[in-house]
Amino acid sequence: MELRNLATEPIQADDETIRAALEDAHVPSLMNALVHLTGDASIIRGDVRPQAGFLVDPQGGIDPADQAAIRARALSVLTAHRDGQALPPPPSQALVHEMVCFAAGQELEAEYGEFLEAELALNGEDSYGVPELLALPAAARAGFKVVIVGAGMSGLLAGIRLQEAGIGFMIVERHGDVGGTWHQNTYPGCRVDSPNHTYSYSFQPHDWPQFYSSQPVLHQYFRDCAERFGLREHIRFNTDVEAATFDEESGRWRVDLRGKDGTAETVEANAIISAVGQLNRPKWPDTPGQERYQGITFHSTEWEHEHDLEGRNVLVIGTGASAFQFAPEVARKAAKVTIFQRTAPWMFNAPDYHAHVPDGKHWLLQHVPFYAKWFRFSMFWRMAEGILAAARKDPAYNETQRAISKENDQLRELLTMSIAGLCEGDEALLGKLVPNYPVAGKRILIDNGNWIRALRRDNVELVTDAIAEINETGVLTADGVQHNGDVLIYGTGFTAAKFLWPMRITGRGGKTLEGRWCGDARAYLGISVPNFPNLFCMYGPNTNIVVNGSIVFFSECEMRYILGCLKLLIEDGKRAMDCREDVHDAYNERIDEGNRNMAWGISKAPTWYRNDKGRIAQNWPFTLREFWSQTRVPNPADYVFT
Ligand code: NAP
């Protein structure tokens, strides 16, 4: 796979090619691109405009006849552009705000203007870099050493940014390759379930083959990024960070490494960036008797590809995002698949979930100036701020197990209708599939009917009785039925709540991170922890998202903030910055209060977002704009410098 930047190629195609490509256009994105190309704002000021109901129709409900008229107009604009017509001056800030509101299908507060303009990078500026760092002496930057733990999406991003900033760094990676979760999770059917055109670095857009590409494609993207940005030589593969200890005298970290071959080494660093991810250590249930099982057994994240499942009798525990993807694949091969569901997930029907990006859309993304940016925006919005409100409790609403607001109930109706449609009158199945908690109480899974079609196969059974025990031959459920199988696959998720585990991190006063957290991890902005100076987390506590957006966005915000911190340290020649306890506490109180008002904070459904202490330690409860604003520049007053 070659990394391909978008909208970089001049238009040379004939009229017919352009006309054909326009048939695949996302019309709202095309309309905004036309404003850039013509300077004519009237294109987005008429009656033809997307409505906020993006969830149902990606074209925002624009009438087909109106779509055709826009395409016809686009043909004449694009051919004129091809034939040499110059671009008008860039749109004013006010017009960009109007375009953003148009694309979102709703009026947005003024604060969104700056955020979205930056996110869209319409002026070509990289809004997640910290160019001021480059003004600092090169020797001071190069002499500042950072150890990055992990070479997944966040760790690679950290490396790319430190490389750009001229700061010395080393990446330590447990595996023999980059890619993190995309390297590790190789189960059949694995694919990204956020729209791919937003699940990519802002500075490295890519012409994705599918709207939700498969794991090998994602893995290759990150491998190519490592290559393109020259990171491999900085990565210590097959090596674990076992421990890190802060030395108060020198203000530096001692980082203990252990290679797969057993070799030990200690390196020193001014700062550590933990980019270890959360979804890589399998969570095994503690079901009575599970050690007695005699068949083939493995966890989804450690898929044992050597076993041919053709003709087997397979048992699957779990109906989360992983099982949702692999169980239908297993069902295509196995003689029988029995799936054990404890809690039904809400699912959102995305018809393009398995679709390939059509040729015309590829052409538009590659050739039409600004189209790719607005398409990215529409995907970003569709799964983000666009539906966050429906996950928030309305204090005036008479909250029930069913819903927490009118919008939440409407979303329930919509999703239930879509589930019912796919069940095609199978009431027994429908009864098992409609969740008994508010929408967004757990992660909403993306599908195109693949899951329900799999459940309706003759060789698939969905069991909703509780698991009583696992024994030599299979699973015994509470109704006394024994379900035998010669393969047992655990789709039971990850030990996400054990942040940074099993590294032993020791900060000031010999205190360990594990001891501080006691299973209830908290950090300021998800990044900094008091008494652990110059330790920065990416994808740390409360930086996960349930409905709103792509985790890459969060990592980019976090890394910009970390760069800002490093700038403060380097420019003032400080050794260490330590987050103030009161700032940290006030922040976490606000987060907890925010989560208490969200569906995932209210719902009693089991979720990996909630830790053993009962606290939502994973989720960011506010808007993307707020995370963007809060992490934009570190406030020196939040830290004690030494
Ligand atoms: P998960 O969401 O935690 O789901 C685990 C499943 O196992 C749930 O259905 C859970 O039931 C069930 N389970 C756990 N312990 C059980 C027990 N003792 N008895 C019966 N059932 C049990 O894990 P996941 O599916 O691996 O997904 C984790 C996260 O990874 C996702 O939320 C997502 O963020 C990410 N992910 C993303 C993708 C993607 O982008 N393509 C794919 C996979 C995963 P309960 O619901 O009752 O707890």
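Counting starts at 1 for both ligands and their atoms, in listed order.
- Using a 30° and 60° split on the angle between ring planes, W303 and Y187 fall in the tilted class, from 30° to 60°.
- Seen from the ring of F622, R590 counts as a face-on cation partner, given the 6.0 Å and 45° thresholds.
- Looking only at heavy atoms of the protein, atom 33 (C) of ligand 1 is closest to R443 NE, 3.6 Å.
- Shown here is Q290, whose CD atom has more than 12 heavy atoms of other residues, nucleotides or ligands within 6.0 Å.
- Less than 6.0 angstrom separates the ring centroid of F375 from the ring centroid of H197.
- Under a 4.0 Å criterion applied to the non-hydrogen atoms of I317, ligand 1 contributes the atoms 20 (C), 21 (N).
- If you look at T492 next to ligand 1, the close heavy atoms, those under 4.0 Å, come from the backbone and the side chain alike.
- Taking 4.0 Å as the cut-off between side-chain N and carboxylate O, R456 and E424 count as a salt-bridged pair.
- Taking distance alone, with nitrogen or oxygen atoms compared against 3.5 Å, T287 stays at or beyond that limit from ligand 1.
- Between F203 and Y201, the two ring planes are parallel [angle under 30°; tilted spans 30° to 60°].
- Heavy-atom contacts of T319 reach the following atoms of ligand 1: 6 (C), 8 (C), 9 (O) (cutoff under 4.0 Å).
- Here the side chain of H354 pairs no donor or acceptor atom with the backbone of Q210 at under 3.5 angstrom.
- Checked against the 6.0 Å centroid threshold, H483 and F340 count as a close aromatic pair.
- Summarising the geometry, atom CG belonging to L525 is positioned 5.0 Å from atom OH belonging to Y587; distances are rounded to the nearest 0.5 Å.
- Taking the six-membered ring where the residue is Trp, the centroids of Y561 and F536 are separated by 6.0 Å or more.
- Using a 4.5 Å heavy-atom threshold, the side chains of I591 and R522 count as separate.
- The nearest protein atom to atom 47 (O) of ligand 1, hydrogens excluded, is given as T343 OG1, 2.5 Å; this is a heavy-atom distance.
- W346 places a side-chain heavy atom less than 4.5 Å from the side chain of R412.
- Taking any N or O of Y609, backbone or side chain, none lies under 3.5 Å from an N or O belonging to ligand 1.
- Annotation for ligand 1: atoms under 4.0 Å from non-hydrogen atoms of Y187 are 42 (C), 43 (C).
- Those atoms of ligand 1 that come under 4.0 Å of a heavy atom in R191, given as number and element, are 39 (C), 40 (O), 41 (N).
- Residue D458 qualifies as open at atom CG: its count of foreign heavy atoms under 6.0 Å is 12 or below.
- The shell of residues lying under 4.0 angstrom from ligand 1, judged by heavy atoms, excludes F326.
- Given atom 38 (C) of ligand 1, the protein heavy atom at minimum distance is D193 OD2, 4.0 Å.
- Heavy-atom distances between F340 and ligand 1 stay at or above 4.0 Å for every pair.
- Where the criterion is an N or O separation shorter than 3.5 Å, residue side chain and backbone included, K442 meets it with respect to ligand 1.
- Residue T607 places no N or O, backbone or side chain, under 3.5 Å from any N or O of ligand 1.
- Below 3.5 Å of separation, one finds no N or O of W182 facing any N or O of ligand 1.
- For the pair G491 and ligand 1, the shortest N or O to N or O distance falls below 3.5 Å.
- The aromatic rings of W182 and Y199 lie perpendicular to each other, with more than 60° between the two planes, well past the 30° mark.
- Residue-ligand proximity, Q325 to ligand 1, at heavy-atom distances under 4.0 Å covers atoms 41 (N), 42 (C).
- A distance of 6.0 Å or more separates the ring centres of F494 and W608.
- Ligand 1 has an N or O atom lying under 3.5 Å from an N or O atom of A321, backbone or side chain.
- For ligand 1, the polar-atom distance check finds an N/O of R342 within less than 3.5 Å of one of the ligand's N/O atoms.
- With ligand atoms numbered from 1 in the order given, ligand 1 contributes 6 (C), 7 (O), 9 (O), 12 (C) to contacts under 4.0 Å with heavy atoms of G318.
- K283 does not count as a contact of ligand 1, since none of its heavy atoms falls under 4.0 Å from the ligand.
- Below 30°, between 30° and 60°, or above 60°: for W620 and F627 the angle between ring planes is above 60°, a perpendicular geometry.
- The closest protein non-hydrogen atom to atom 23 (O) of ligand 1 is G493 CA, 3.1 Å.
- In terms of protein heavy atoms, atom 35 (C) of ligand 1 is closest to L279 CD1, 3.5 Å.
- Distance from atom 26 (O) of ligand 1 to its nearest protein heavy atom, with residue and atom name: S322 OG, 2.6 Å.
- Counting only non-hydrogen atoms, the option in W608, W284, Y199 that gets closest to atom 32 (O) of ligand 1 is W608.
- Among all protein heavy atoms, the one lying closest to atom 18 (N) of ligand 1 is P285 CB, 3.2 Å.
- The nearest heavy-atom contact from the protein to atom 4 (O) of ligand 1 is G320 CA, 3.6 Å.
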